[in-house]
A.B. asks: 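The structure under discussion is supplied below as structure tokens; questions concerning it will follow.
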Number of protein chains: 2
Amino acid sequence: MNAATDTRSRIIAAAKPRFHSRSYANVGIQEICESAGVQKGSFYHFFPSKRDLVMAVIDEFADEWAHGFVAEAFDPALPPMERIDYLVDAAYFWQKSIKQVHGRMLGCIFGNLTLEVSTQDDILRAKLLAIFSRAKSRFKETLEEAVAAGTIAPLDADLTAEAMLAYLEGVILLAKSQNDPEVIYRLGPAIKTLRVEKAA
Amino acid sequence: MNAATDTRSRIIAAAKPRFHSRSYANVGIQEICESAGVQKGSFYHFFPSKRDLVMAVIDEFADEWAHGFVAEAFDPALPPMERIDYLVDAAYFWQKSIKQVHGRMLGCIFGNLTLEVSTQDDILRAKLLAIFSRAKSRFKETLEEAVAAGTIAPLDADLTAEAMLAYLEGVILLAKSQNDPEVIYRLGPAIKTLRVEKAA
DNA sequence: CTTGCATTTTACCGAACGGTCAACTAGCAT
DNA sequence: ATGCTAGTTGACCGTTCGGTAAAATGCAAG
């Protein structure tokens, strides 16, 4: 059972950086197995399909973020709008450190996968959508708190939260196109200027 | 020569919707050739590699946009900020009509390709970056004109233009994750709230 | 000691991948 | 008519793709 868990997590550990740095279609099961020191038959003992593997990888990334930067950024002790700054900063420093190690900016794996597979696989699309929904909720709660505290003028928190998430993904996309995390540094702070007014 | 041009453009015509609706890696030369009624050897007479094909596809999409919606939107006769509205509307209607025909929101092919290939192919990345650069310039000129006309308060036109482009791409990404062009309709107009102030 | 189950190994499947090659055809200029 | 060239054909290259099946192994409970 311990060895079993180990095999499974070794597979995921081998898959994670590959899906992040390349693409879903460009990473093969065989390569992952070789890197994890696992036979292909063993792989299919733990994962019914490649899709199931990438779902597990998505979950791991999501957990990593949720317990790492996201938990730090959305610290209730921080003033609400500073949490958003913190999150953007975290995205910047993370991408920057990835580039230092890897030589390239890899961007957001959720965004990457969304654009690659969401027209071809509704199950994966739903999985990624759920990730985005949770992220949006975090923004929304923060905005509501900021409005309640009088830090910002009242607005449509739901739509503004979605707009901010969109902006963050878009900034990371442009940064990736330039292979330059500084784009996040330059453009990121403008996220707080985004506003969707409450409908009348 | 006419037949030659025809073969080449039939290949591109077959490739365009496939790269747009799926992904670079998921579309094979063979499938494109079958759809275009062309032998594989003939394909490689016109395109040295798959990459060269996708570059031609990118050019066609770029031209299509430049002479279509973009030309309409950035009409100097329109008040500057209305041009931005027009462009967002155009993106919305385009995606909506694609969904009506195809059943799915396909998003922006430049964004799609950027996230898929830009860590793996610097030549493609450069090509896509050039597309984004031109788009950014359009935004920038428009913003400068709006500032000059007194429509909006002075700002950093260069960075704000980049921020707007990022936002547009991000909105299309989120819309694709929901397979719903209405996301563009709801979030799009907030693009005009984005501002990067001039550095002191 | 045996049964049963989870795990692992190995060999294999048909299909598709991007790309190559030599032979052939057709049209045009000399 | 001949030669050159752009275009076309169809067979072929080795490799990889995601996935399967059966046999072997290890291990724990009865």
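Letters go in sequence order (proteins before strands), and every chain restarts at 1. Every value quoted in this text rests on a predicted model; they were computed, and no experiment measured them.
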A.B. asks: For G111(A) and F132(A), which heavy atoms make the closest approach, and how far apart are they?
C.D. replies: N-CZ, 4.0 Å

A.B. asks: Would you mind telling me which of T160(B), D158(B), L87(B) makes a side chain to side chain contact (heavy atoms under 4.5 Å, CB included) with F139(B)?
C.D. replies: L87(B)

A.B. asks: Between R8(A) (CZ) and dT8(C) (P), how many Å, whole number?
C.D. replies: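 Interatomic distance, CZ of R8(A) to P of dT8(C): 13 Å.
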
A.B. asks: Quick one: do E64(B) and K16(B) make a salt bridge, cutoff under 4.0 Å?
C.D. replies: yes

A.B. asks: Using atom CD of Q39(A) as one end and atom C1' of dA22(D) as the other, report the distance to the nearest whole Å.
C.D. replies: 15 Å

A.B. asks: Which pair of heavy atoms, one from R195(A) and one from A190(B), lies closest together, and at what distance?
C.D. replies: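 In this case the closest contact between R195(A) and A190(B) is O-CB, 3.7 Å.
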
A.B. asks: Report, as a single string ordered 5' to 3', how protein heavy atoms within less than 4.0 Å touch nucleotides 13-19 of chain D: B base, S sugar-phosphate only, - not at all.
C.D. replies: ----SBB

A.B. asks: One thing to verify: whether D59(A) and K127(A) come together as a salt bridge, which I'm taking to mean a side-chain N less than 4.0 angstrom from a carboxylate O.
C.D. replies: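 A salt bridge links K127(A) with D59(A).
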
A.B. asks: Roughly how many Å is it from NE2 in H45(B) to C1' in dA6(D), rounded to a whole number?
C.D. replies: 5 Å

A.B. asks: Rounded off to whole Å, could you give me the CZ-to-C1' distance for the F46(B) and dT9(D) pair?
C.D. replies: 13 Å

A.B. asks: Have Y92(B) and E182(B) got a donor and an acceptor in their side chains that come within less than 3.5 Å?
C.D. replies: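 Short answer, yes.
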
A.B. asks: Verify, without hydrogens or angle tests, whether S23(B) (side chain) and E116(A) (backbone) share a donor-acceptor contact under 3.5 angstrom.
C.D. replies: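 Between the backbone of E116(A) and the side chain of S23(B) there is no qualifying donor-acceptor contact (under 3.5 Å).
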
A.B. asks: Can you tell me the distance, in whole Å, between the CG atom of L53(B) and the P atom of dC17(C)?
C.D. replies: 14 Å

A.B. asks: Between W65(B) and F69(B) (judged by ring centroids, cut-off 6.0 Å), do the two rings come close enough to count as a pair?
C.D. replies: yes

A.B. asks: Below the 4.0 Å mark, does dT8(C) have OP1 or OP2 next to a side-chain nitrogen or oxygen of T7(A)?
C.D. replies: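 Answer is yes, contact under 4.0 Å.
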
A.B. asks: Could you go through nucleotides 24-28 of chain D and list every protein N or O atom that sits under 3.5 Å from one of its N or O atoms, giving the distance for each pair?
C.D. replies:
none

A.B. asks: Rounded to whole Å, please give me the gap between CG in D6(B) and P in dA6(D).
C.D. replies: 19 Å

